[in-house]
Amino acid sequence: MPKVEIPPWQATRLVSPGPVGLVTVKYRDKVNLLPIGWTCALSQNPPRIGIAVHPSRYSHDLLRRAGQFGLSIPGRALAEAVARAGATSGASGVDKAALTGLTWAEPTEIDTPLIAEALAWLECVIVSVVDSGDHTLYVGEVQRAAAEAAAYQDGWLLPEDEEMRPLHHLGGSRYALLGGPFEVPISNP
Ligand SMILES: Cc1cc2nc3c(=O)[nH]c(=O)nc-3n(C[C@H](O)[C@H](O)[C@H](O)COP(=O)(O)O)c2cc1C
């Protein structure tokens, strides 16, 4: 089948639609929030995930100073809040919780609030900061993870109820939900 050529700068879109993450970062008494499309799994043991943050983001330096972050995984119901949080910078002094209507939930292992309305939470301590190009990769070691039982059991369930499916970002203003899962049985000849 013929393929269409894709400009290399846009190749990230071929591999990036992992779930959107709402990153929370707290420095002194200020809590900021930014949506991230570029989240990635890095290690199971120790449990580590990565978030790629552009240096122009207000959160970029806050993350370095805070040394930790919350990562809350939103569902479909939070898509508008995600888009709004991503269109405004905390540098303007705006309170993104007030802006989006999202509310904080108490963490247990870090000192950074999570998003109460999200489907899942990861509490992370930054163990490595990597210059990955025009973004900075913050490697977070997961101190605690929790999810709605109706959304996750040993993996995302992707149930009929779309509100229990994690939100994905395809680029620009396009978002998606994953379809239903299916099994691929492996049989050795
Ligand atoms: C769905 C979505 C995904 C985004 N993904 C990223 C990302 O992976 N990395 C990044 O640096 N910015 C990303 N952004 C942009 C930031 O969220 C946006 O610039 C935000 O306003 C930065 O907030 P801050 O300046 O308060 O830190 C994304 C925005 C949206 C809406």
Side-chain angles (χ1 to χ4, degrees), residues 6-42 48-104 110-115 117-122 124 126 128-140 142 151 156 162-163 165-178:
I6 296 169
W9 69 264
Q10 215 183 64
T12 51
R13 290 190 177 174
L14 292 173
V15 294
S16 66
V20 170
L22 283 168
V23 174
T24 41
V25 57
K26 179 179 170 191
Y27 182 64
R28 298 199 171 129
D29 282 339
K30 183 163 177 69
V31 181
N32 198 47
L33 158 66
L34 84 158
I36 288 287
W38 294 0
T39 52
C40 62
L42 294 172
R48 290 179 178 171
I49 54 102
I51 58 171
V53 182
H54 195 274
S56 66
R57 314 302 183 219
Y58 177 61
S59 306
H60 183 270
D61 290 355
L62 291 185
L63 282 161
R64 200 180 284 261
R65 289 191 201 126
Q68 56 173 237
F69 60 87
L71 187 67
S72 299
I73 311 290
R76 171 69 187 88
L78 303 193
E80 286 71 24
V82 165
R84 195 166 299 140
T88 311
S89 177
S92 61
V94 70
D95 174 350
K96 292 217 195 166
L99 177 81
T100 56
L102 298 172
T103 53
W104 304 134
I110 60 174
D111 186 33
T112 308
L114 303 156
I115 305 293
E117 295 82 1
L119 296 180
W121 296 330
L122 294 87
C124 299
I126 296 170
S128 176
V129 180
V130 181
D131 177 355
S132 57
D134 64 4
H135 282 57
T136 302
L137 177 69
Y138 288 97
V139 177
V142 180
W156 290 108
E162 292 192 343
E163 297 301 327
R165 299 184 189 191
L167 185 67
H168 296 257
H169 184 224
L170 302 181
S173 58
R174 297 177 68 233
Y175 293 80
L177 300 175
L178 287 180

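Ligands are counted one by one from 1 in listed order, and the atoms in each one are counted from 1 as well. All heavy atoms count here, side chains included; hydrogens, waters and symmetry mates do not.
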Looking only at protein heavy atoms, which one is nearest to [atom], and how far off is it?
{"atom": "atom 22 (C) of ligand 1", "answer": "Arg57 CD, 3.7 Å"}
{"atom": "atom 25 (O) of ligand 1", "answer": "Ser89 OG, 2.6 Å"}
{"atom": "atom 31 (C) of ligand 1", "answer": "Tyr175 OH, 3.5 Å"}
{"atom": "atom 17 (O) of ligand 1", "answer": "Pro35 O, 2.9 Å"}
{"atom": "atom 20 (C) of ligand 1", "answer": "Gly86 O, 3.7 Å"}
{"atom": "atom 5 (N) of ligand 1", "answer": "Gly37 N, 2.8 Å"}
{"atom": "atom 27 (O) of ligand 1", "answer": "Ser59 OG, 2.6 Å"}
{"atom": "atom 9 (N) of ligand 1", "answer": "Ala52 O, 2.9 Å"}

Under 4.0 Å from a heavy atom of [X]: give me the atoms of ligand 1 that qualify, with their elements.
{"X": "Lys96", "value": "21 (O), 23 (O), 24 (P), 26 (O)"}
{"X": "His54", "value": "10 (C), 11 (O)"}
{"X": "His169", "value": "1 (C), 2 (C), 3 (C)"}
{"X": "Tyr58", "value": "24 (P), 25 (O), 26 (O), 27 (O)"}
{"X": "Trp38", "value": "8 (O)"}
{"X": "Gly90", "value": "24 (P), 25 (O), 26 (O)"}
{"X": "Asn32", "value": "24 (P), 26 (O), 27 (O)"}
{"X": "Ala85", "value": "20 (C), 21 (O)"}

Tell me, do [X] and [Y] make a side-chain contact under 4.5 Å, heavy atoms counted?
{"X": "Leu33", "Y": "Leu99", "answer": "no"}
{"X": "Leu122", "Y": "Ile73", "answer": "yes"}
{"X": "Trp104", "Y": "Val31", "answer": "yes"}

Least distance between heavy atoms, [X] atom then [Y] atom:
{"X": "Leu178", "Y": "Arg165", "answer": "O-NH1, 2.8 Å"}
{"X": "Lys30", "Y": "Val94", "answer": "NZ-O, 4.1 Å"}
{"X": "Leu137", "Y": "Cys40", "answer": "CD1-SG, 4.5 Å"}

If you measure from [atom1] on [X] to [atom2] on [Y], what distance do you get to the nearest 0.5 Å?
{"X": "Leu177", "Y": "Leu167", "atom1": "CG", "atom2": "CG", "value": "6.5 Å"}
{"X": "Phe69", "Y": "Thr112", "atom1": "CZ", "atom2": "OG1", "value": "9.5 Å"}
{"X": "Asp134", "Y": "His54", "atom1": "CG", "atom2": "NE2", "value": "5.0 Å"}
{"X": "Leu22", "Y": "Leu78", "atom1": "CG", "atom2": "CG", "value": "7.0 Å"}
{"X": "Thr39", "Y": "Leu71", "atom1": "OG1", "atom2": "CG", "value": "6.5 Å"}
{"X": "His60", "Y": "Tyr138", "atom1": "NE2", "atom2": "OH", "value": "3.5 Å"}

Next on the checklist: If we set the cut-off at 4.0 Å for heavy atoms, which region of Ala91 has an atom near ligand 1: side chain, backbone, both, or neither?
Outcome noted: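 Contact part for Ala91 vs ligand 1: neither.
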Next on the checklist: Check this for me - ligand 1, Val53, N or O atoms closer than 3.5 angstrom, yes or no?
Outcome noted: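 By distance alone, the answer is no.
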Checklist entry - Between Asp61, Val94, Thr88, Ile36, which one has a non-hydrogen atom sitting closest to atom 7 (C) of ligand 1? => result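 Going through Asp61, Val94, Thr88, Ile36 one by one, Ile36 has the nearest heavy atom to atom 7 (C) of ligand 1.
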